[in-house]
Amino acid sequence: MLDRINALLKEVEVLHAKNAEELEALRIKYLSKKGAINELMNEFRNVSADQKKEIGMKMNELKNKVQEQIKRLKEAFEAQGQSQDEVDLSRTAYPVALGTRHPLSLVREEIIQIFSRMGFTIADGPEIEDDWHVFSSMNFAEDHPARDMQDTFFIEHHPDVILRTHTSSVQSRVMEHTQPPIRVICPGRVYRNEAISYRAHCFFHQVEGLYIDKNVSFTDLKQVLLQFAKEMFGAETKIRLRPSYFPFTEPSAEMDISCDICGGTGCAFCKHTGWVEILGCGMVDPAVLEANGIDSTIYTGYAFGMGVERITNLKYKVSDLRLFSENDVLFLEQFESAH
């Protein structure tokens, strides 16, 4: 039996095939159920115990050798076939242009990186939400205008299921399942039932932030937002906070940055005020903390939210919001060097 195996090893060393049919015939000859190696395996049962180790090793060597040779021949045939068909007429014309990242993706990632360096982690949640997480947990009154059909997309036949109008719903879910300290940012797409124009769309993107811990103050919020503004728009950027109102924060504020076009002296872009609004913010209302299972007598926090489209408009001076969703190649190619 050992002599037969050695003879087969020498035979396998010089295996050759002219085409795929001959290669398949070789595979059947050696590796099929009725092939040479399978016959040897059947005879191996009758080999004496003192020869099993030596013959077994030789059989493994033979099997591996056959598989290697057949694989080599197969790869040679495939390579030959490819070389004979170098021109694929179904392919896109050369050269194939490289794509670019979308401007919203670029700005979203930059915002995330800035807040990540300040200790914020990313939190995510569903875009199809329930009324509790979008509105009730955020201290929206039952008769709040934002609940009206003019602003919110409702799922048909499910009045309590909606497309989220802000990523604050993610903050609610985080507070439900996490005890302070909490420091998260919530980037995502949101939906509102608005007429599409150069300045509004029915869907857009937000990044909201939430920080809850003991002794959190408005000063902490202001410092974080100042640092963000300087990193996003330049070291010379100034900010100002104007009193405002949001159901989920008290006190609340709108934040403006100094116009980076005119340097704050006044121009058409900033409507000659020297300031441009970029986000809303405030201290988390105690009612929101309590609704989400956090003791407002122990913890305080701040929250902020910004539109990614708004920041992108300011950063790249894009005048029409619709350009972000039209997939115009000429528009997108302008951001090729912004990676």
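- Ring orientation note: the planes of Phe324 and Phe331 are nearly perpendicular, at an angle over 60° on the 30°/60° scale.
- In the model, Glu176 has a side-chain atom that pairs as donor or acceptor with a side-chain atom of His133 under 3.5 Å.
- If you take CE on Met138 and CH2 on Trp132, they are separated by 9.0 Å, rounding to the nearest 0.5 Å.
- The CG atom of Asp160 sits 5.5 Å away from the CG atom of Asp131 when rounded to the nearest 0.5 Å.
- Using bins of under 30°, 30° to 60° and over 60° for the plane-to-plane angle, the ring pair Phe120/Phe115 lands in the perpendicular bin.
- In the hydrophobic clustering of ILVMFWY residues, with side-chain heavy atoms under 4.5 Å counting as a link, Leu15 and Met59 come out together.
- Under the 4.0 Å criterion applied to side-chain N and carboxylate O atoms, Lys71 and Glu68 are not assigned as salt-bridge partners.
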Exercise. Going through the checks in order, is the salt bridge (Lys or Arg N to Asp or Glu O under 4.0 Å) test met by Lys230 and Glu236?
Worked result: CA-CA 7 Å; Lys230 287 180 177 293; Glu236 302 302 317; over 6 Å; no
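- Using a cut-off of 4.0 Å between Lys/Arg side-chain N and Asp/Glu carboxylate O, Glu61 and Lys58 are scored as salt-bridged.
- Separation of atoms NZ (Lys222) and CD1 (Ile239) is listed at 6.0 Å; rounding is to 0.5 Å.
- With salt bridges taken as basic N to acidic carboxylate O contacts below 4.0 Å, none links Arg240 and Glu254.
- Counted by atom type alone, Gln223 and Gln227 present zero donor-acceptor pairs between their side chains at under 3.5 Å.
- Looking only at atom types and distance, the side chain of Glu309 has a donor-acceptor partner in the side chain of His205 under 3.5 Å away.
- Between the side chains of Thr249 and Asp285, no donor-acceptor pair is found at a separation under 3.5 Å.
- Evaluated for a salt bridge (Lys or Arg N to Asp or Glu O under 4.0 Å) with Asp256, the options Arg310, Arg242, Lys238 yield exactly one hit, Arg242.
- Between the side chains of Asn215 and Thr300, no donor N or O sits under 3.5 Å from an acceptor N or O.
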